[in-house]
Amino acid sequence: MSNTRPTIVIKVPATSANIGPGFDVVGLSLSLYLTLTVKFGVPSFDRFDISYSGEGAEEVSLDPYRNLLTRVALYVLRCNNYRSFPSDLLSIHADNQIPFGRGLGSSGAAVIAGVLLGNALGKLDLTTERMLDYALMIERHPDNVTAALVGGFIGSYLRELDPAAMVASQVPLSEVLPEYPPDAGEEWGLSPPVPPLGIGHYVRFNWNHSIKAVAIIPRFELSTAKAREVLPMQYSRKDLVFNMQRLAVLTTALGQSSPDPELVYEAMKDRVHQPYRKTLIPGLPAVTSQITPKSHPGLLGICLSGAGPTILALATHNFEAIAQSAREIFALENIEVDWKLLEVIDGSEVQEL
Ligand SMILES: Nc1ncnc2c1ncn2[C@@H]1O[C@H](COP(=O)(O)OP(=O)(O)OP(=O)(O)O)[C@@H](O)[C@H]1O
Ligand SMILES: N[C@@H](CCO)C(=O)O
């Protein structure tokens with residue numbers, strides 16, 4: 001009989017953040033997955049293998065000290081008194097359906113997969129809340145990571161921390177996730193900053209499962225960092241009230257038994273991020289204003305997914321016609337798109353085989 005640990009499978013969904021007015025606040029988990037298969041063997045000091053299939057397989061680093069997934073897992077392990085990865089770790093295979101840099105939460109999924117991996121490798125038994133603290137030390141807005149971890153239609157906020165905890169939660173990312181291990185024979189430097197307790201808090205809203213998500217995915221990447229750089233530091237009271245009014249309505253409207261297209265369409269409008277991001281996503285204003293419940297019965301609302309460039313249309317039917325019209329509008333800007341019909345699904349799963 002072998003003493004090898006059982007294989008672990010970690011499955012984390014894609015997410016769409018903001019849903020119009022809920023910038024950095026709301027997220028939806030969607031039926032595309034990042035799946036890790038983690039195998040163990042006889043302990044050795046050789047490096048374990050990392051392999052990828054699917055989205056991003058050609059561009060991602062397979063060095064455990066550069067790859068986002070394994071750097072996050074190592075951060076969690078090091079905060080919990082492990083020096084490095086366990087010596088019986090043989091291989092990690094990542095099969096990824098979530099396109100990079102398109103507004104479907106690829107980095108949030110990678111961060112959550114890394115936290116779940118660190119938790120499993122170290123047999124740490126972290127609670128969901130504590131895992132969220134670790135994720136929020138890395139991805140510092142809660143919308144994608146919370147929805148990816150717990151699943152569904154989620155609203156979240158970051159607690160106001162006391163001054164000491166605030167300092168700990170704001171250390172530069174390079175200190176949380178250093179890229180290189182120390183040279184052979186040297187000790188690791190300072191211990192990594194352990195997350196303060198209870199950074200993120202969330203609630204799950206009702207979701208009417210007759211509503212599906214049409215993701216219209218332009219064939220170009222836009223990094224979240226770049227899409228955040230174009231946002232202003234300050235907003236007018238008028239624009240904030242515009243968004244808060246809509247968000248308050250939207251969080252209930254999408255859970256009603258017969259969602260009202262007129263109500264939802266208006267409630268998915270935004271003045272905090274989309275107007276500024278249109279410079280990076282030609283076609284965005286035309287898609288969100290020309291595809292309406294009147295022109296496309298079945299449509300409820302339409303917005304930018306996360307930081308873009310993907311467009312998220314929520315609808316109960318007529319999915320293909322909605323996607324086709326968006327494709328034609330983007331074609332006028334010489335942008336090609338793919339589209340997928342997605343469901344709102346449960347959060348992350350960890351299984352031992
Ligand atoms: N499975 C993964 N493994 C390793 N690195 C990943 C993985 N998924 C994403 N990344 C890293 O995250 C980057 C994309 O992150 P970014 O925040 O810019 O976009 P996004 O998360 O796809 O979009 P959004 O946050 O708007 O939903 C990739 O270029 C890659 O460096
Ligand atoms: N709320 C974030 C989501 C992207 O990760 C943004 O719009 O920048």
Side-chain angles (χ1 to χ4, degrees), residues 10-30 32-37 50-74 92-117 135-136 138-148 154-158 173 177 179 213 215 217-218 220-232 243 247 270 272-277 280-281 284 303-312 342 348:
I10 297 172
K11 199 170 168 190
V12 182
T15 49
S16 180
N18 306 329
I19 324 297
F23 176 74
D24 280 3
V25 178
V26 292
L28 272 180
S29 55
L30 296 173
L32 287 177
Y33 298 93
L34 168 62
T35 306
L36 306 190
T37 305
I50 302 179
S51 57
Y52 267 72
S53 53
E55 294 285 344
E58 306 299 313
E59 63 187 88
V60 80
S61 170
L62 303 179
D63 175 340
Y65 298 98
R66 286 172 180 255
N67 180 286
L68 182 59
L69 291 169
T70 40
R71 284 165 75 202
V72 172
L74 186 59
I92 300 173
H93 179 74
D95 181 50
N96 182 31
Q97 300 177 328
I98 312 172
F100 284 8
R102 306 293 174 87
L104 288 168
S106 72
S107 59
V111 168
I112 291 299
V115 172
L116 291 167
L117 177 64
L136 287 168
I138 300 151
E139 180 137 320
R140 292 178 182 189
H141 45 88
D143 41 3
N144 294 106
V145 286
T146 313
I154 301 293
S156 48
Y157 64 81
L158 300 180
L173 201 53
L177 298 182
E179 272 207 21
I217 311 169
F220 69 90
E221 287 187 30
L222 173 56
S223 78
T224 302
K226 195 168 166 204
R228 290 176 85 85
E229 270 169 19
V230 298
L231 303 182
N243 270 45
L247 183 58
D270 158 73
V272 165
H273 66 109
Q274 293 184 185
Y276 306 98
R277 289 173 164 169
L280 303 169
I281 308 162
L284 169 64
C303 63
L304 194 61
S305 179
T310 292
I311 300 291
L312 178 79
L342 304 174
S348 297

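For ligands, and for the atoms within them, numbers begin at 1 and follow the listed sequence.
In this structure, Gly101 counts as a contact residue of ligand 1, since one of its heavy atoms falls inside 4.0 Å of the ligand. Ligand 1 has Gly105 within reach: a non-hydrogen atom of the residue lies less than 4.0 Å from it. Contact analysis puts Arg277 in contact with ligand 2, with a non-hydrogen atom separation below 4.0 angstrom.
Contacts between Arg228 and ligand 2 below 4.0 angstrom, taking non-hydrogen atoms only, involve the side chain exclusively. Residue contacts with ligand 1 for Ile98 are absent, since no atom lies close enough (heavy atoms, distance under 4.0 Å). Counting heavy atoms closer than 4.0 Å to ligand 1, residue Thr224 contributes atoms from both its backbone and its side chain. Residue Ala307 touches ligand 1 through backbone and side chain together, judged by heavy-atom distances below 4.0 Å.
Scanning the protein heavy atoms around atom 12 (O) of ligand 1, the nearest turns out to be Ser107 CB, 3.6 Å. For atom 3 (C) of ligand 2, the nearest non-hydrogen atom of the protein is Asn144 OD1, 3.5 Å. The protein non-hydrogen atom at the shortest distance from atom 28 (C) of ligand 1 is Phe100 CD2, 3.5 Å. In terms of protein heavy-atom proximity, atom 9 (C) of ligand 1 is closest to Ser106 OG, 3.3 Å. With hydrogens left out, the protein atom closest to atom 3 (N) of ligand 1 is Tyr52 OH, 2.6 Å, a heavy atom. Among protein heavy atoms, atom 11 (C) of ligand 1 sits closest to Leu68 CD2, 4.0 Å.
Nearest heavy-atom pair, Tyr52 versus His93, reported as atom, atom and distance to 0.1 Å: C-CE1, 3.6 Å. Here the closest heavy-atom approach between residue Arg277 and residue Asn18 is recorded as NH1-ND2, 4.0 Å.
Of the options Gly306, Gly103, Ala17, the smallest heavy-atom separation from atom 23 (O) of ligand 1 is shown by Gly103.
Partner of Leu304 under the side-chain contact (heavy atoms from CB on, under 4.5 Å) criterion, chosen from Leu284, Leu312, Thr310: Leu284.
Heavy-atom proximity to His141, at under 4.0 Å, picks out these atoms of ligand 2: 2 (C), 3 (C), 4 (C), 5 (O). Taking a cut-off of under 4.0 Å to the non-hydrogen atoms of Asp24, the atoms of ligand 2 that pass are 1 (N), 2 (C), 6 (C). Heavy-atom contacts of Ala17 reach the following atoms of ligand 2: 3 (C) (cutoff under 4.0 Å). The contact set between ligand 2 and Asp143, taken as ligand atoms under 4.0 Å from a residue heavy atom, comprises 1 (N), 2 (C), 3 (C). Every atom of ligand 2 is numbered from 1 in the order shown, and the set under 4.0 Å from a heavy atom of Asn18 is 1 (N), 6 (C), 7 (O).
Side-chain N/O atoms of Ser53 and Asp95 include a donor and acceptor closer than 3.5 Å.
Shown here, atom 26 (O) of ligand 1 is in close reach of the protein: a heavy atom of it lies under 4.0 Å off.
Side chain of Gln97 to main chain of Tyr33: a donor-acceptor pair is present (N/O by atom type, distance under 3.5 Å, no hydrogens or angles).
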